[in-house]
Protein chains: 2
Amino acid sequence: MADTDDQNGAESAAKVRTLADLARIAGVSAGTVSRALAGNSLVNTKTREKIEAIAREHGFRPNQMASKLRRQKTGVIGVAIPLGHDVRQQISDTFFMTLLGYLADELTEKAYDLMLRRVIPARDEDWLDHFIGSGMIDGVIVIGQSDQFERIEDVADGYLPMVVWGNHQEGQRHCVVGSNNRLGGKLATERLIASGAKSLAFLGDTQPIEFAARYAGAKEVAAKMGVPIRALPTHLSPERTGEEIAQHLREIEGKVDGIFAATDTIAVTCLKELRERRMEVPGQIKIVGFDDLPISSQTMPPLTTVRQDIAAGAKGLVDLLLRRLEGEDTESLVLPPHLIVRETA
Amino acid sequence: MADTDDQNGAESAAKVRTLADLARIAGVSAGTVSRALAGNSLVNTKTREKIEAIAREHGFRPNQMASKLRRQKTGVIGVAIPLGHDVRQQISDTFFMTLLGYLADELTEKAYDLMLRRVIPARDEDWLDHFIGSGMIDGVIVIGQSDQFERIEDVADGYLPMVVWGNHQEGQRHCVVGSNNRLGGKLATERLIASGAKSLAFLGDTQPIEFAARYAGAKEVAAKMGVPIRALPTHLSPERTGEEIAQHLREIEGKVDGIFAATDTIAVTCLKELRERRMEVPGQIKIVGFDDLPISSQTMPPLTTVRQDIAAGAKGLVDLLLRRLEGEDTESLVLPPHLIVRETA
DNA sequence: CTGAAAGCGCTAACAA
DNA sequence: TTGTTAGCGCTTTCAG
């Protein structure tokens with residue numbers, strides 16, 4: 001029962017934009033309204049209910065900017081996706097996008113909002129400091145180290161609430177969550193060799209640290225088994241990949257019978273080129289991918305690949321970040337990859 | 001209570017967290033620092049340079065919360081993805097994620113940040129009001145109408161800066177950007193019939209308004225051409241789709257020779273089931289998808305589909321939203337879909 | 001061209 | 001249990 005001293009119909013027209021407005025019409029102080037709406041301390045139940053009713057009636061929501069400013073925390077986690085040289089490349093990368101989806105789920109669950117920022121390190125050297133220093137976020141998750149390993153290391157020294165998806169290196173200083181890429185590379189290569197491949201190739205850019213680790217694992221196994229392996233570099237941008245792969249295929253025809261693709265996306269494209277060149281898979285040439293994206297089970301033949309557990313990765317990222325927000329200096333989390341044997345090797 | 005008991009080396013150790021701090025060490029007032037850093041009005045060049053130097057040296061960045069509170073604008077655009085009944089469904093949906101990627105690009109370009117929120121309407125009726133009323137965003141882009149058409153309509157009446165990706169209906173009140181789904185459905189169906197199909201099926205959930213429109217277009221053409229068409233409902237969540245489709249396929253075997261799939265994702269799964277049942281495509285059964293996702297050119301045989309221009313969609317969403325932020329009451333934007341003929345029909 | 005001062009809307013002591 | 005009182009850090013008149 002609010003005192004409707006308004007003339008007529010003015011009731012619902014009254015704008016309630018601030019706590020003070022609401023306080024006035026409820027006949028209490030702003031402080032009380034704040035407490036009531038926070039559902040927090042010992043506010044008289046009657047008072048609270050009255051305030052809540054009025055708030056609901058007027059569709060009132062407290063201004064978050066003011067609240068965040070005052071409380072010195074934002075309730076927002078920043079998610080940065082650094083793009084490499086090929087600008088358009090990674091933001092639409094299926095793997096990262098899927099990870100982002102799960103991240104959104106996890107963060108929502110923990111009542112955090114997610115601020116997404118696509119960032120081009122080449123265009124803004126201090127992208128990470130800017131994001132962190134913006135005062136807009138409580139912590140940051142970086143998806144992919146790209147070629148920014150050193151910069152991330154530098155920042156990690158002075159900023160605790162940061163977790164990165166990527167590759168783990170002995171002795172690194174930033175907290176990372178990611179698959180054991182080297183092990184993944186080994187699994188893939190072992191499978192290729194076990195399937196009868198006698199001469200291997202790694203298909204994909206070897207610059208990014210994750211890929212380099214996959215290749216390193218592959219080389220290790222290949223060396224141990226006395227099987228030759230070569231790198232066939234590609235660039236991730238989908239438009240160029242097709243022709244690049246076709247080109248490679250032309251060159252290695254008859255010389256290579258086992259391909260380890262850096263990602264499923266590359267593997268799928270390769271599969272298609274192989275088909276167009278009428279090469280039998282896995283008869284003439286075997287292939288193993290990496291990621292286990294949904295498509296890999298849909299190809300013809302279905303792709304043998306190394307699975308990364310994206311959901312577990314997202315969960316790990318968020319868990320570790322929340323602990324860091326509490327001040328804990330968490331360890332990195334390295335997830336085991338799993339070989340998924342289908343029909344291409 | 002951090003009292004700066006700086007004993008030595010205080011100079012570079014001195015924490016510059018606020019404009020006032022910086023002002024003090026620059027020997028000017030906070031106001032001047034503010035102006036200088038905004039690069040804005042007529043600040044003496046010397047003064048500005050000095051301030052900028054100090055700011056750089058100390059890695060100072062003004063607190064955005066305070067700034068936003070004061071200026072009553074956030075520089076943040078909210079992006080909401082309402083999830084339907086199947087909770088996990090759409091956030092990982094390739095189409096939406098790709099759109100999100102382009103959106104991130106466009107918004108970054110315009111110097112806006114992007115706040116991503118996954119919402120479950122069934123769990124929070126007022127998801128849209130909450131997002132808008134949070135005071136955290138200047139405007140909102142809703143990706144997909146899901147089953148929230150009415151709620152969005154209601155909100156649109158009282159809130160200008162909102163643009164929605166979805167289907168356009170005659171006389172609707174909210175500003176929408178999307179493909180002409182009905183036309184897309186017609187294109188797909190015409191192609192199926194032109195390829196010789198004599199009995200059709202629409203594969204996919206017909207509840208979501210976009211899909212309903214696609215189906216409506218299909219029915220219109222089918223009726224005109226005197227070809228029967230039936231709906232085979234599926235749910236989007238990947239786990240269940242496979243068996244559902246297999247089930248449908250068993251039932252319609254020999255009765256249907258042309259399938260219009262609501263999305264490429266569904267089409268690809270269908271293709272796989274077809275392959276397992278040793279049905280020839282397009283010999284025994286033809287199929288057309290919708291979206292033209294990257295995978296559709298990678299399937300075997302490559303998928304004939306209806307292309308939606310995602311990049312143009314993202315650009316449209318952002319352009320319209322920015323105009324709405326200026327106060328313009330923009331019209332909806334309906335994009336023409338294009339039939340991409342490959343080998344499945 | 002620069003300083004002083006008044007808040008943006010909210011929260012959190014501290015009183016009452 | 002509630003009101004009062006200070007600000008959070010920044011921007012922006014209004015003077016000078």
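Scope of the values below: all heavy atoms of this structure, side chains included, with no hydrogens, waters or symmetry mates.
Phosphate contact (OP1/OP2 of C:dC10, side-chain N/O of A:Ser67, threshold under 4.0 Å): absent.
Shortest non-hydrogen contact noted between B:Leu321 and B:Val140 is CD1-O, 4.0 Å. When all heavy atoms of A:Pro161 and A:Leu325 are compared, the closest pair comes out as CB-CD2, 3.6 Å. Shortest non-hydrogen contact noted between A:Trp165 and A:Val176 is C-CG2, 4.1 Å.
Axis orientation changes by 30° from one end of the helix from C:dC1-D:dG16 to C:dA16-D:dT1 to the other, with each end axis drawn from 5 pairs and the value rounded to 10°.
Of the possible polar contacts, one joining the B:Gln172 side chain to the B:His174 backbone as a donor-acceptor pair under 3.5 Å is found. A distance-only check finds a donor-acceptor pair linking the side chain of B:Lys50 to the backbone of B:Ala26 [under 3.5 Å]. Side chain of A:Asp138 to backbone of A:Ile77: no donor-acceptor contact under 3.5 angstrom is found.
In this structure, A:Met65 atom CE and D:dC10 atom P are separated by 15 Å, rounded to whole Å. C:dG7 atom P lies 17 Å from atom CG of A:Leu69, rounded to whole Å. Remark: P of D:dG3 and CG of A:Leu22 are 12 Å apart, rounded to the nearest angstrom. Atom CG in A:Asn63 sits about 18 Å away from atom P in D:dC8, given to the nearest Å. For B:Arg17 and D:dC10, the CZ to P distance is 10 Å, given to the nearest whole Å. As rounded to whole Å, 9 Å separates atom C1' of C:dT11 from atom CG of A:Leu19. In this structure, the CD1 atom of B:Ile51 is 12 Å from the C1' atom of C:dC1, given to the nearest Å. Spacing between atom NZ of A:Lys68 and atom P of C:dA12 amounts to 13 Å, rounded to whole angstrom units.
No donor-acceptor contact under 3.5 Å links the side chain of B:Arg70 to the base of C:dG9.
Within a 6.0 Å radius of CD in A:Glu125, no more than 12 heavy atoms belonging to other residues, nucleotides or ligands are found.
Side-chain contact of B:Arg324 with B:Thr330: a donor-acceptor pair under 3.5 Å is present, judged by distance alone.
Listed nucleotides C:dA4, D:dT2, C:dC8 differ in distance to B:Arg35; the shortest reach to its side chain belongs to C:dA4. Closest to the side chain of B:Thr32, out of C:dT11, C:dT2, D:dG9, is C:dT2.
In this view, A:Arg17 satisfies the salt bridge (charged side-chain N to carboxylate O under 4.0 Å, His left out) rule with no residue, not counting sequence neighbours.
Using a 4.0 Å cutoff on non-hydrogen atoms, no part of residues 131-140 of chain B comes near DNA chain C.
For B:Val28 and B:Gln72, each mapped to the nucleotide of DNA chain C holding its nearest heavy atom, the one lying further toward the 5' end belongs to B:Val28. Nearest-nucleotide mapping onto DNA chain D: of A:Thr47 and B:Ser34, the residue sitting toward the 5' end is A:Thr47.
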